Trainee: 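So that we are looking at the same thing, I have put the structure below in structure tokens.
Source: prediction; values computed, not measured.
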Amino acid sequence: DMSRARTTTIRYPQHTTNQASQMLRVDRHEAVASLILRKIRSVIPLHKMPLMYLMDSIMKNVTTKYIVLFGSQMARLVAEVFPSLNPQDQ
């Protein structure tokens with residue numbers, strides 16, 4: 001249920017970061033990265049920054065595999081997301 005996943009992400013970023021770490025152990029990190037990138041692009045602007053913070057937390061705390069997966073999309077993602085944010089989030 002994506003609404004539950006969204007709520008978990010926004011309220012408990014460390015929990016979700018830990019889940020991303022567990023997915024790496026079972027070789028599901030590409031699916032996790034793909035899901036987060038898709039969600040950032042598809043959610044309303046209010047929910048984009050919490051997902052960006054989640055992505056940042058995963059890159060800082062989990063592994064370089066996520067850095068490679070997210071990093072290859074970062075410039076384009078920021079260019080897509082930034083204009084849709086409210087001024088305080090920019």
Side-chain angles (χ1 to χ4, degrees):
D1 182 1
M2 288 313 298
S3 62
R4 183 170 174 245
R6 182 187 65 220
T7 303
T8 301
T9 299
I10 294 168
R11 291 186 184 161
Y12 309 106
Q14 188 57 47
H15 172 74
T16 309
T17 300
N18 290 340
Q19 287 178 326
S21 180
Q22 292 172 4
M23 291 295 100
L24 180 68
R25 289 188 213 120
V26 294
D27 204 31
R28 296 291 297 157
H29 55 283
E30 290 178 358
V32 170
S34 178
L35 173 67
I36 292 170
L37 290 167
R38 276 195 323 271
K39 292 307 291 180
I40 290 171
R41 288 183 169 110
S42 67
V43 297
I44 62 172
L46 178 67
H47 296 297
K48 290 182 185 293
M49 280 308 294
L51 288 166
M52 295 288 283
Y53 286 125
L54 171 64
M55 184 175 62
D56 179 64
S57 176
I58 291 170
M59 287 191 293
K60 287 179 181 175
N61 296 301
V62 180
T63 182
T64 57
K65 288 186 179 184
Y66 282 107
I67 292 172
V68 170
L69 293 168
F70 289 133
S72 66
Q73 302 285 319
M74 192 60 62
R76 185 173 46 181
L77 185 65
V78 170
E80 291 172 15
V81 169
F82 188 81
S84 70
L85 299 175
N86 66 48
Q88 75 185 47
D89 286 337
Q90 289 180 349

Trainee: Short question: side chain of Asp56, backbone of Met52 - any donor-acceptor pair under 3.5 Å?
Mentor: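 No; zero donor-acceptor contacts below 3.5 Å.
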Trainee: As an exercise, state the distance from CG of Leu69 to CE of Met59, rounded to the nearest 0.5 Å.
Mentor: 10.5 Å
Trainee: Same cluster for Val43 and Val32 if Ile/Leu/Val/Met/Phe/Trp/Tyr side chains link at under 4.5 Å?
Mentor: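 Yes, Val43 and Val32 fall within the same hydrophobic cluster.
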Trainee: Working to the nearest 0.5 Å, report the span between CE of Met49 and OG of Ser84.
Mentor: 10.0 Å
Trainee: Rounded to the nearest 0.5 Å, how far does CG of Leu54 lie from NE2 of His47?
Mentor: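 Reported value, rounded in 0.5 Å steps: 14.0 Å.
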Trainee: Would you compute the distance between atom OH of Tyr66 and atom CD1 of Ile36 and round it to the nearest 0.5 angstrom?
Mentor: 7.0 Å
Trainee: Would a single hydrophobic cluster contain both Ile40 and Val78, if residues Ile, Leu, Val, Met, Phe, Trp and Tyr are joined by side-chain heavy-atom contacts under 4.5 Å?
Mentor: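 Linked, Val78 and Ile40 end up in one cluster.
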Trainee: Starting from Leu51, can I reach Met74 by hopping between I/L/V/M/F/W/Y residues whose side chains sit under 4.5 Å apart?
Mentor: yes
Trainee: Establish whether Tyr53 and Met55 are linked, either directly or via other cluster members, by ILVMFWY side-chain heavy-atom contacts under 4.5 Å.
Mentor: yes
Trainee: With rounding to the nearest 0.5 Å, note down the distance linking CG in Leu37 to CD in Gln73.
Mentor: 5.5 Å
Trainee: Going by heavy atoms in the side chains, are Lys60 and Ile67 under 4.5 Å from each other?
Mentor: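 SC-SC contact between Lys60 and Ile67 ruled out.
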Trainee: To the nearest 0.5 Å, how far apart are CZ in Phe70 and NE2 in His29?
Mentor: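 These two atoms lie 10.5 Å from each other.
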